[in-house]
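Encoded as structure tokens, the structure appears first; notes follow it.
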Amino acid sequence: MEFSFHRPAAPGAGRKILLIMRLTAILLLTGCLHVAASGHSQTVSLSVSGAPLEKVCEDIEAQTGYYFVYTKHKNDKSYAVSVHLNNVPLSEALRKVFDGLPFTYQLFDKVVVVTSTGQDQPDNTATDILKDTLEVKGRVINLQAEPLVNASVTSLKTKKSVQTNAKGQYSIMGLAPDDELIISYVGYKTQKIKIAGRSDISAVLEVSNDELDKAVVQAYGTTSQRFTTGNIGVVTAEDIRKQPVTNPLLALEGRVAGLVITPQTGYESGPIKVEIRGRNGVNPLFTSDPLYIIDGVPLTILDVGGVHMSAYSSNAISAGIDQTHISFIGGQSPLASINPADIESIEVLKDADATAIYGSRGAAGVILITTKKGKAGKSRFDLDVSQGLSYITRYWDMLNTPQYLQMRREAFKNDGITPSAAAGTGFAPDLYIWDTTRYTNWQKYLFGNAGKWTNVQGAYSGGTAQTTYRLAAGYGRTTDISTFHGANQKASLAVNLNTTNVNQRFKTAFTANFTYTDYNMNNITGVATLAPNAPAIYDSTGNFNYAQWDASSTNFPFTSMGWTYESKTNFLTSNLSLSYNILKGLIARASFGYNLSMNSQVQLQPISSQDPHAATKPTGRALFGTNQLHNWIIEPQLEYTSFIGRGALDVLGGATVQANSTVAQTVTGGGYTDDVLLRSISNALTITAINNSGMYKYAGIFARINYRLDNKYILNLNGRRDGSSRFGPGKQFGDFGSVGAAWIMSEEGWMKKVLPKAISFVKLRGSYGITGSDAVGDYQYLSQWGNNSSPQISSYDGYSALVALIEDNPNFHWQVNKKLEGALDLSFLEDHINLEAAYYRNRCNNQLIGFPTPSFTGFSSVTANSPANVQNLGWEFQLSARIIEKKNFSWSTNFDLSLNRNKLLGYPHIDQSPYYNTLKIGQSLDNIYLLKYTGINPANGHYSYYDRNHDDTIIVNDNIPRGTGNDDRFVPVNLNPKFSGGWGHQFTYKRVMLSAFFTFRKQTGNNALGYTAGTLGNTSVWQFQHRWQSPGQEALAPRLTTKPGYSDGLFSSSTGNWSDASFIRLQTLNLSYTVSDKWARKAGMSRMAFMLSAQNIFIITSYKGIDPEVPTFGGMPPARTITAGLSCSF
Amino acid sequence: MSTQYKIFTTLVIVWMAVAASGCKKLVEVPAPNTSITLSEVFTSNAHANSAMAGLYSKMMSNSGSLTFSNGAISIYAGLSSDELLNFSGTTNLMDYQFYTNQLTSANGPVASYLWTPAYSVVYGANACIEGLTAAAPDALDDSIRNELTGEAKFIRAFCYFYLTNLFGDVPIVLSTDFNKTSLLAKSPQADVYKQIISDLKDAQSLLPKDFSVGKGERIRANYWAATALLARVYLYQKDWADAEAQASAVIGNSLFSLPTLANAFLKNSSESILQFQENATVLPYNTTWEAYEFVPTFRYTTYDPITQASLINPFLFPSYAAFLVAPYCLTNSFMTNFETGDKRRSTWTDSTATPSTAPYNSVPYYFAFKYTLKVSTLNGAITQYYTVLRLAEQYLIRAEARAQQGTNLTGAASDLNAVRTRAGLANTSASTSTDLLTAVAHERQVELFAEWGHRWLDLKRTGQASSVLSALSYKKPWSDNWLLYPIPVLDITDDPNLIQNTGY
């Protein structure tokens, strides 16, 4: 007996009738029935007389796109069908077709399962005698009628398990007629089917939507929260879709416990700091970026141009695609080239068990991005259109001109300096040269624009059981509040194609995503604090007002606003994966991935932007940057799954070879005498060029063994050997591994008895592993002499110059990260509420760092291993609950919370290390030590501080450990958030859905009070109003002064400058309305929805400043974005 | 066997063949294509010369800004002494700290223009010396090996001379291996001088006595550069006899003579013992940093009287000041040092008049004008080179050494007169040792002003700094701690053995 779709039967004789698979009512999924209801509108026209059933089924399939699943028998042709149908609904057609035949049928979504009515059951008398020798065969498919390969079928009584073959078929022997089969497949709802004496049992499994059984992408495969032994956080397409962001990383903010996302600039393409489970390195010079894998292809960027150091971040951040460092925002996030609308899910792998198979590349965690795939079924076209606005929510409260002038005069008076128009000590252009009646609200002028958002996404998808496809295209255009000219645009194309051959053994999957981005940026940073009467930007002729600024010997601060910066990127990521089912349970796979990023940047500094009065006659300057990244990866794998004893065994072995290259080139043209020709390099008087390039190769072999006994005990072992080109000869290879285990306690019989009914699932899991890391940059073991520093070293005496570029060190080797995790998963009320509590402890020793060396050694850092041992320890809680599930109303919520503490466990010879003065053993790396601020001295209006050592002076001495000797900084302040997380709610009422997502953080931050007012430049009203004015006065802000002194300089090193920066932000609010099917159909659509989304709606905080995420006074505040969209499917 | 299976097995076999070719090869990458390794640098004369070019070039440029060996010492040591003031006043707090001698350990220019680039050049010199020593015997011509070693040693000595004079005791870094150097403590100044003298003597023995290496241009250190610097070092060490001997050797050589004041700083002038070559493709193009910073955009004195009158209109002057006044001006007190008739005042300085009203009161802004080209052009013609060592200083060194020894006072006077004569002044009236020393100190002030921080270093080495500078109102409150610059705070942090200078 064979199972198949409608394929013709092999010729030959056999029994007269056949049995088709039989499904009892029990295995029907009630959920499916009403889903399928929408299919009843399909109509059939058919006129046959005496046609074989199979032929009829084929015809109906062709007309409706439905699939028939039935057990074929050699003689089923003898069931002749005669019907005459004309535009008859499918349900009726089926009824007529099967009328009089010994079959019944049932409809599951798009699948028609045909079963025998029983008249033709074989004689089962024999089986009554041999009660436990019954053999059951059948097939396991999904709602798209795709066979589920390696699904497990387990007998409840004998605990014997088998798995399905490439066609989804199974056969299990030795069963008793009253046994039950448990049929399960990762990502699908498990079914329990009573055998009831039958020998043919097939099952249609439904994709699971509950948190426990949903498919979760893991390294080289899928798993579910129920069975995983590792820690994997998931963000779905639905979560991403609700947020008007263009970089998918931003959609992760607050959504995965243990993952901290911190954008570094307000600009769309700017670099984003991503940290999973805290800071591991004592040295901030290396990035903490996790490994990004997009459809199986790592997106590796070599920082050949150096990393970006942000003032507000303790760690370096990769400059990403901008390895030429032409952009003024420190880089371009490579993920900005991914279209969020093409993403199906993002998985964040955190612990050793989940990441070990990626080896050293995954030491800082892994972020897996899976793009959308086609699904079998009728072709559909989805169209999403949205438009929106972004605008500033708050301004800094600054002085107006009269207040400002009063402030300045008082400052000079306090200093005993006579302000004057002449250069020197009392030089005060704002009082004497500038127009004192002028007032400009610089913030409004610079940040007051409204940004615009337009986004159009279209996708065409569908397929059959053998071929599925998805073709998508998207276009987005945004401007932000700082945009004076230009816009950011992104266009993308995505292709996904999956094929399965006739015998179901050979499968291919191809994905390619192409994105073109064009970013235009205007540099207006750092000008919000200009004096309110400062001269205008433009003069009466519309040119830059250099004359007035120069006249006051003050630097013209807007030069860069006259510049143009454009960055265009073509980004392609593609993957072809082939798999062949060699034998039952044995699958060979090979995956070939390639990604490519071609970026070109232009920065133009026209003559018109420069000082026409400068000593050197201004000439134009143009910088042309190109960046190319190539990554290729080949991964052959062999996977064997089988049942050994009562457990399921899954063995995966494979190898990875990957090569990455990054090439960055900057060509600078100088001496242009005409702005019109700035884009033409051949018109430059001088041309200099710099190129940086790096190559990185990585190879590894790995194995994973997963054994699952009785669905209760799971053991997962990973082992691998890694080689990396980043180490010198003899130090290239390292061995690493992990062990993970899980115990599903709720499956234990004794547990079931004692467990309260409300608790439906209890799992304990844990893992321990050792991973290496080679995140040190390339060629650091090699001495390098060249001439590609920027700007270039010129030739001398007719010889081109060669200089040493790095301090080389041939001796460093793999860094070791040890990760330990334990977790408890609980589900309540039939899995309606899921709670996961995880504890982890990561220890990172032998750290590979950019070891800071004093600059007198020639360089300020060298790559080396350092004995510092850093521990990150934390708790993560993740809760999801479907609180109300009514027909018309539902409410679900999810909540995540993470707490991370890091500690410098040990550091032999720390007194000889560069960190002796700043780090303390046993304390957090994120600690800073501060003076204790004791308020404004009423006698003189200066800041005052607590004199720790009572030596009558307040000393900040960076040369000795904090808080020792004469150093008075003894108050530790931890800059790491105490806890952070997110809380989302989703309500649906009939066709309306409302979701809200809050993010929160408990932390201490730099407040915006850290300066002394009185110098040239505007100050806050608060500072002005609370200033000290006369001896004896109790004040909150210091006296005004034009020459801040020692005590003023110390303020930023005191507790006064740091305060609570905790916040709760309503990050995303989303309201959507889906119109009724009836109306949608009238409009020619199968689905239509309207959507309103808003980002950054409000913030609750006691922070002293404009926003806890904008720690500099006068910095650009975060904007609010509101978009409205329409989403339809055809 | 199905087609797919064949496809699949073929791919696997191909891959395995690749893998079998060697695991190591899979993780081997070719050398970076933008650089060569240190050992490769010293495998050919051309590469080795390029490494030396890199050293000189680094001394001339610092990512498009000032550096210790190009402008920064003249400017900052000038501000620290009594020669210069910064026009930006308190607007530029970092500069103002030098002007008032109230530096903080976080002062930017100290780290980025003085300490760090000097030590970066020291690293390059050490690397060249190590590379040249380790190079295979037949890799380089012996003459090249000697020349380059000599130049590297000269450059190292030159860097240490300024490091120890600005910072006092400093770490002596003689290796490129950070394992050996990163925890160094400061060495006493005496040891630094020992190292300088040893390097300069080595340089003398290795370098040619002509300008053949620079193909006739005076842009690469030769025997005479080493000798001239050695003369200065001995003078600073109060080793008068050796100072006299070294200076005499230079003065006695026919390669050098004193041209007119206007020609002294021309490229390859007969006075120059060592000049650094400019490169008109990098900032500040065909001028020196000193002209760029010392000379105003528009020279007031070049205008006709009517224009001049309008420029100093009290209402308009503030608007013009930025173009008429240089970023770093000579102090008015300095200008009083010129004797009547001193041509250096008219040739090497110029001024901008000011309105008669307060706060200007007609007090002019003077500026140094040794380097004349303020407005530079990319790829423009270069007329002057940046002069590092020149003959007039050697005369003054010998005059001082002779006056100190007291054995050849006439010789001292005639050395002094050689310099005075060129300046259009009569012979000195000083004849006693004390008077001659006073005269030499004065002559050094007016001859070497706004050049290489001579005034600051002279005040310090002669013990005058405290009394002269503490008297200036704008340098109060004075402390002798301010005679040494602070060691950049990052280095102190990175090296626990490095102790900050007193007072910072």
Side-chain angles (χ1 to χ4, degrees), chain A residues 420-425 427 433 501 506 550-551 553 580 590 613 615-616 636 657 670-671 685-686 691-693 695 697 699 723-725 732 779 782-786 788 791 793-794 796-797 799-805 807 852-858 862 911-912 914 916-917 958-959 1043, chain B residues 4-5 8 11-12 15 26-27 29 32-38 41 49-51 53-54 56-58 63-64 87 89-91 116 119-120 123-124 127 171 173 178 181-183 214 219-220 277 279 281-282 297 318-319 322-323 359-360 374-376 378-379 489 491-496 500:
Chain A
S420 87
T425 349
F427 187 49
I433 304 177
N501 79 335
F506 184 64
D550 283 350
S553 293
Y580 191 82
H613 315 293
T616 312
V657 185
L685 200 61
T686 56
N691 63 342
N692 276 305
S693 68
M695 260 200 96
K697 280 190 183 173
S724 164
S725 65
Q732 289 156 325
Y779 304 121
L782 210 59
S783 69
Q784 295 170 46
W785 282 61
N788 53 348
I793 302 286
S794 53
Y796 193 89
D797 188 24
Y799 294 100
S800 68
L802 275 178
V803 294
L805 302 173
E807 177 103 77
T853 48
S855 63
F856 67 71
T857 59
V862 61
D911 54 334
Q912 286 168 31
Y916 183 46
N917 299 335
D958 286 327
N959 309 333
K1043 44 171 203 182
Chain B
Q4 295 89 6
Y5 186 68
F8 199 87
L11 285 169
V12 170
W15 189 84
L26 293 173
V27 293
V29 292
N33 50 20
T34 52
S35 63
I36 56 177
T37 60
L38 180 61
V41 172
N49 264 314
S50 280
Y56 281 106
S57 206
K58 256 195 140 163
S63 300
F87 183 65
T90 47
T91 320
T116 308
Y119 269 113
S120 171
Y123 178 93
V173 179
F178 70 94
T181 60
S182 60
L183 292 172
I219 54 173
R220 291 181 65 165
Q277 185 185 35
N279 190 318
T281 62
V282 293
T297 312
S319 315
F323 312 108
Y360 308 104
K374 161 77 175 188
V375 180
S376 61
L378 184 70
N379 282 337
V489 68
D491 278 29
I492 297 280
T493 316
D494 290 345
D495 176 4
Q500 183 58 278

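Every chain is numbered from 1, with letters handed out A, B, ... down the list of sequences. None of these values were measured; they are calculated from a predicted model.
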What residues form a side chain to side chain contact (heavy atoms under 4.5 Å, CB included) with A/Ser855, not counting sequence neighbours?
-> B/Trp115, B/Thr116, B/Asp491
Taking the inter-plane angle between the rings of A/Tyr580 and A/Phe506 on a 0 to 90° scale, is it parallel (under 30°), tilted (30 to 60°) or perpendicular (over 60°)?
-> tilted
Determine the option with the most heavy-atom pairs under 4.5 angstrom with chain A, choosing from B/Gly89, B/Gly54, B/Ala127, B/Gly214.
->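 So the answer, after comparing B/Gly89, B/Gly54, B/Ala127, B/Gly214, is B/Gly54.
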With respect to chain A, which residue among B/Pro171, B/Ser120, B/Gly124 yields the maximal number of heavy-atom pairs within a distance under 4.5 Å?
->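 Between B/Pro171, B/Ser120, B/Gly124, the count favours B/Pro171.
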Measure [X] against the heavy atoms of chain B and call it side chain, backbone, both or neither at under 4.5 Å.
| X | result |
| --- | --- |
| A/Asp550 | both |
| A/Leu685 | both |
| A/Ser724 | backbone |
| A/Phe427 | side chain |

Please check this pair: side chain of [X] against backbone of [Y], looking for a donor-acceptor N/O pair closer than 3.5 Å.
| X | Y | answer |
| --- | --- | --- |
| A/Glu807 | A/Val862 | no |
| A/Tyr796 | B/Arg220 | no |
| B/Ser57 | A/Ala801 | no |

So, do B/Val173 and B/Tyr119 sit near enough that their side-chain heavy atoms are less than 4.5 Å apart?
-> yes
Please look at [X] and chain A and tell me whether the side chain, the backbone, both or neither of the residue comes under 4.5 angstrom of a heavy atom of that chain.
| X | result |
| --- | --- |
| B/Asn49 | both |
| B/Leu183 | side chain |
| B/Phe323 | side chain |

B/Phe178: partners by ring pair (Phe, Tyr, Trp, His ring centres under 6.0 Å), with sequence neighbours left out = none
Most chain B-contacting option - heavy-atom pairs closer than 4.5 Å, from [options]:
| options | answer |
| --- | --- |
| A/Tyr799, A/Phe856, A/Tyr916 | A/Phe856 |
| A/Ala804, A/Ser420, A/Gly858, A/Ser800 | A/Ser800 |
| A/Asn917, A/Thr686, A/Leu782, A/Ile433 | A/Thr686 |

If you round to the nearest 0.5 Å, how far is CG of B/Asp494 from OG1 of A/Thr857?
-> 8.5 Å
